[in-house]
Peer 1: 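Once you've had a glance at the structure underneath, I'll fire off some questions.
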Amino acid sequence: MSDENTMKILVVGSGGREHALVWSLIHTSQRPLKVFCAPGNAGITELAGTVDIDAIDIGGLADFAATQEIDLTIVGGEAALAAGIADEFARRNLLIAAPTRNAARLESSKSFAKSFMTRHGIPTAHHRTVASLEAARECLRSGEFGNAETPVVVKADGLAAGKGVHVTASHAEALLRVEELMNANAHPASSDISSAVVVLEEKLEGAEVSLLLWTDGRDYILMPPARDHKRIGENDTGANTGGMGVITSHDILDAATLEEIKRTIVEPTLHGAREEGFAFRGVLYIGLMLTAGGARVIEYNARPGDPETQAILVRLKSDLVEIFQAVAHGRLREVNVEWSEDASVCVVLAARGYPNKPEIGHVIEGLETFDVHDDVRVFHAATTRRDNQWLTAGGRVLGVTATAAHLDDALAKCYDAVARIKWDGMNYRRDIGRFKGDDAVAPRKKA
Ligand code: AMP
Ligand code: GLY
């Protein structure tokens, strides 16, 4: 039934981020669209055709795009990028708005990203890459990471879905974590992430900001800065997760700091990538720490963030299809992107056990009551449908997203909506948008 003017789009991935991408593509497009999502989730089936092909089956995805004559493919997650989806699509002349495998190393290898930043003078935490426990011990003993009581951050080199990072309180704890990561294969019970190479990093203090942008390799367009809340527990306690909630609001970054970040971080990154022969095309996500000494890069991601994407796209007023087309065609210079002035928030509803062993299969109640309010949206991250019921199907299950002129109103609206949803073991942070960083909550010293 599709007429000639209908554009066919494939979104690769299955989380809340992909639900938000699909919704935003349809919501902002000036042209009729037919959207597919591979593999998608139950929530996404309400908007798009879901296709049972795994996000890392890049041959299968390219076959699908070729036979269905997909006009444009957009990628949510890092695994497909690291597997080389953009290279495979380019080889087969299929249009895709995503970075190549080489460009995606900015995310897929922390040691590569750190040495890239060093080569291009991009401000980041002091670091050392080590390939043995002995090397880690020697490095800590040398004094370059302070004394034995100095906090050190320990990171697995490769992709770990946010679970390969340990912010430790002392050198002894850091060594324990290095040992766990390096020996995970021998002792699978101690850690489910294994890494032969580990990055040691100075611990940075300050507020975190997620700065996302579209780039065609040369030009770029910034999205509204966002603040993620990565720890599982309130007041930023407990394990690191993929992200438990995000806000966007005008006061996350002031204009002068943003200018400094563009000059010292964004532009040198895009320029450095071009210079090293892997012009970055797609969405670049720069994780920043605003330290007393200026902004520093914590990490790069070669893809849109989750749940950043949910909170950002509800503010987009321009045609998202046109933006991604311009990214893929190298014509971003011709595009003008407009945003609503609102603040926004996305609160993640997670399953008991997340981020380690989430319980799945619980019936979700309250979802039927949604869909009427334009300024509250529930994006599905991991749900299935059975006998007319919604069931939980993963760790992060839903992302409740709201907008309002002021952050406080967006938060109130969002938490009102959260209160209407429940399942056995539903867990979420009640301090999204309230917790700003260690400095902001440090107890006042008594005079
Ligand atoms: P990453 O996967 O590198 O973004 O790390 C996950 C989270 O760990 C970050 O969002 C920070 O909250 C924390 N983290 C990572 N590196 C550092 C660092 N050098 N100093 C302080 N916190 C860090
Ligand atoms: N929310 C953090 C991430 O997408 O990596």
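In each ligand, atom 1 is the first atom listed, and ligand 1 is the first ligand listed. All heavy atoms count here, side chains included; hydrogens, waters and symmetry mates do not. Residue numbers count from 1 along this sequence.
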Peer 1: Distance under 4.0 Å to a non-hydrogen atom of G305: what atoms of ligand 2 satisfy this?
Peer 2: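 Here the atoms of ligand 2 in question are 4 (O).
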Peer 1: Is any side-chain heavy atom of T403 closer than 4.5 Å to a side-chain heavy atom of S340?
Peer 2: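 T403 does not reach S340 side chain to side chain.
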Peer 1: Taking heavy atoms and a distance under 4.0 Å, where does E205 meet ligand 1: side chain, backbone, both or neither?
Peer 2: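 It is neither; nothing of E205 touches ligand 1.
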Peer 1: Does an N or O from D306, backbone or side chain, lie closer than 3.5 Å to an N or O of ligand 2?
Peer 2: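 Yes.
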Peer 1: Mark yes or no: R128 above the aromatic ring of F145, with NZ or CZ under 6.0 Å from the six-membered ring centre and no more than 45 degrees from the axis.
Peer 2: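 R128 over F145 ring: no.
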Peer 1: Less than 4.0 Å between a side-chain N and a carboxylate O, is that true for E276 and R119?
Peer 2: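 Here R119 pairs with E276 in a salt bridge, since their nearest N and O are under 4.0 Å apart.
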Peer 1: For a 4.5 angstrom cut-off between non-hydrogen side-chain atoms, does R231 reach T237?
Peer 2: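 Heavy-atom side-chain distance check fails, nothing below 4.5 Å.
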Peer 1: Relative to ligand 1, is N240 under 4.0 angstrom through side chain, backbone, both or neither, heavy atoms considered?
Peer 2: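 Just the side chain.
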Peer 1: Judged by atom type as modelled, is there a donor-acceptor pair below 3.5 Å linking the side chain of R17 to the main-chain atoms of G305?
Peer 2: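 Pair absent, no side-chain N/O of R17 close to backbone of G305.
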Peer 1: For I56, is the CD1 atom crowded, meaning more than 12 foreign heavy atoms sit under 6.0 Å from it?
Peer 2: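 No.
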Peer 1: Of all the heavy-atom pairs spanning G43 and T383, show the shortest one and how long it is.
Peer 2: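 Where G43 meets T383 most closely, the heavy atoms are N-OG1, 3.6 Å.
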Peer 1: Heavy-atom distances under 4.0 Å are what count here, so tell me which part of K230 touches ligand 1: side chain, backbone, both or neither.
Peer 2: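 Answer for K230: side chain.
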Peer 1: Counting from 1, what ligand 1 atoms have a heavy atom of M289 closer than 4.0 Å?
Peer 2: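 Counting from 1, the qualifying ligand atoms are 21 (C), 22 (N).
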Peer 1: Tell me which protein heavy atom sits closest to atom 5 (O) of ligand 2, plus the residue, atom name and distance to 0.1 Å.
Peer 2: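 Protein heavy atom at minimum distance: R303 NH2, 2.8 Å.
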Peer 1: Is R296 close enough to touch ligand 1? Criterion: a residue heavy atom under 4.0 Å from a ligand atom.
Peer 2: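 R296 does not count as a contact of ligand 1 under the 4.0 Å cut-off.
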Peer 1: Do side-chain atoms of E179 reach the backbone of L133 as a donor and acceptor pair under 3.5 angstrom?
Peer 2: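 No, the answer is negative, given that no donor and acceptor are paired below the 3.5 Å cut-off.
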Peer 1: N/O to N/O below 3.5 Å, does that happen between K230 and ligand 2?
Peer 2: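 No; every N/O pair is 3.5 Å or more apart.
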Peer 1: If the cut-off is 4.0 Å to any non-hydrogen atom of K110, which atoms of ligand 1 fall inside it?
Peer 2: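 Ligand 1 atoms under the 4.0 Å threshold to K110: 1 (P), 2 (O), 3 (O).
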Peer 1: Side chains of T248 and S344 only: does a donor on one sit below 3.5 Å from an acceptor on the other?
Peer 2: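 Looking only at side-chain atoms, S344 and T248 do form a donor-acceptor pair, the distance falling under 3.5 Å.
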Peer 1: May I ask you to check whether E299 has an N/O atom sitting below 3.5 Å from an N/O atom of ligand 2?
Peer 2: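 So ligand 2 has no N or O lying under 3.5 Å from an N or O of E299.
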Peer 1: Hey, is ligand 2 close enough to G242 that some N/O pair sits below 3.5 Å?
Peer 2: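 Among all N and O atoms of G242, at least one is under 3.5 Å from an N or O of ligand 2.
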Peer 1: Classify the contact between V246 and ligand 2 as side chain, backbone, both or neither, using a heavy-atom distance cut-off of under 4.0 Å.
Peer 2: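 Neither; nothing of V246 gets under 4.0 Å from ligand 2.
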Peer 1: Pairs of nitrogen or oxygen atoms closer than 3.5 Å, one from E208 and one from ligand 1: do any exist?
Peer 2: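 N/O-N/O distance below 3.5 Å exists for this pair.
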Peer 1: Under 4.0 angstrom from ligand 1, any heavy atom of E202?
Peer 2: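 Judged by the 4.0 Å heavy-atom criterion, E202 does count as contacting ligand 1.
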Peer 1: Could you list which atoms of ligand 1 come closer than 4.0 Å to a heavy atom of K203?
Peer 2: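 The list of qualifying atoms is 20 (N), 21 (C).
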Peer 1: Which of the numbered atoms in ligand 1 are under 4.0 angstrom from any heavy atom belonging to E201?
Peer 2: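 Checking each atom against E201, I get 16 (N), 18 (C), 19 (N).
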Peer 1: If you define the side chain from C-beta out and look only at heavy atoms, does anything of Y220 sit under 4.5 Å from K262?
Peer 2: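 When only atoms from C-beta onward are counted, K262 and Y220 do touch, with a gap below 4.5 Å.
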Peer 1: Are any of the side-chain nitrogens in E138 or R141 under 4.0 Å away from the carboxylate oxygens of its partner?
Peer 2: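 Not counted as a salt bridge, because no side-chain N and carboxylate O are separated by less than 4.0 Å.
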